[in-house]
Amino acid sequence: MSLLDDIQSVLYPEEDIQRRVREIGAELTEAYAGKAPLVVGVLKGAAPFMADLVRRMDLPLELDYMVVSSYGQATKTSGVVKIIKDLDFEIEGRDVIIVEDIIDTGLTLRYLADLLLRRNPRSLRIVTLLDKPHNRRVDIRPDIVGFVAPDEFVVGYGLDYAEKYRNLPFIGILKSRVYAGRA
Ligand code: PRP
Ligand code: MN
Ligand code: MG
């Protein structure tokens, strides 16, 4: 009985993810040279990506986290974004970078970006490891995308199904039998 038994195929192996994380880290290091951005992770999904990414950014950055949830136990978004924990820091006048694991319908990030923009940051950019443009319901354009993902149910490296699989070091496609009849 292994977590791997529920995975149909590996979409992004650990090495590919880590290579892309290093590239994005280097890109952000250059883009924010001379600045001290506030990097905002959107928990829980963004936690592994955020932890790896900031260690590839050579900047005097600070970390903060928001906890939001829209999916609950379902495979489809409820469309209602719940703020469970807001930022600790004020962001007025600051360079803010939102870090996400995935943008799907876009509802989570649209809501979050609008919320943070009303607080008048100096700049706000969005970095997402995966972009899944197929089911976009609102207009939201990430500034940096790790991979454009196919329209499959992906788990691992922060991405969950019913809170499981976040700890896989790679991103894979979940076997449909795992969520059959529950979606
Ligand atoms: C997932 C994912 C993104 C969001 C993307 O979070 O981590 O935050 O959904 O979907 P959307 O673009 O359709 O809004 P979820 O709400 O499942 O919470 P989690 O990060 O704790 O898994
Ligand atoms: Mn999330
Ligand atoms: Mg989730």
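Order of listing sets the numbers, starting from 1, for every ligand and every atom in it.
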Legend entry - Salt-bridge criterion met for K175 and D6 (N-O under 4.0 Å): no

Inset, instruction - Would you check if the Mg ion (ligand 3) lies under 2.8 Å from any N, O or S atom of E163? - result: no

Inset, instruction - Run the numbers for me: atoms of ligand 1, each under 4.0 Å from some heavy atom of E100, listed by number. - result: 3 (C), 7 (O), 8 (O)

Inset, instruction - Find out whether E92 and R119 are in side-chain contact, i.e. whether some heavy atom of one side chain is under 4.5 Å from a heavy atom of the other. - result: no

Legend entry - For G106, atoms of ligand 1 separated by under 4.0 Å from a heavy atom: 11 (P), 12 (O), 13 (O)

Legend entry - Salt-bridge present (R166, D101; N to O < 4.0 Å): no

Inset, instruction - Mark up the atoms of ligand 1 that fall under 4.0 Å of a heavy atom belonging to D160, in ascending order. - result: 22 (O)

Legend entry - ligand 1 versus I102: contacting region, heavy-atom distance under 4.0 Å: both

Legend entry - Which segment of D101 sits under 4.0 Å of ligand 1 when only heavy atoms are counted: side chain

Inset, instruction - Quick one: sort the Y12 and F147 rings into parallel, tilted or perpendicular, breaks at 30° and 60°. - result: parallel

Legend entry - SB check D131 R136 (cutoff 4.0 Å): yes

Inset, instruction - Considering only NZ, NE, NH1 and NH2 on the basic side and carboxylate oxygens on the acidic side, decide whether D114 and R118 come within less than 4.0 Å. - result: no

Legend entry - More than 12 heavy atoms of other groups within 6.0 Å of K85 NZ: yes

Inset, instruction - Mind checking whether E163 contacts ligand 1 via backbone (N, CA, C, O), side chain (CB onward), both or neither, at a 4.0 Å heavy-atom cut-off? - result: neither

Legend entry - contact_flag R166 ligand 1 heavy-atom lt 4.0 Å: yes

Inset, instruction - Output the atom name for the N/O/S atom of D160 with the smallest distance to the Mg ion (ligand 3). - result: OD1

Legend entry - Those atoms of ligand 1 less than 4.0 Å from some heavy atom in K44: 19 (P), 20 (O), 21 (O)

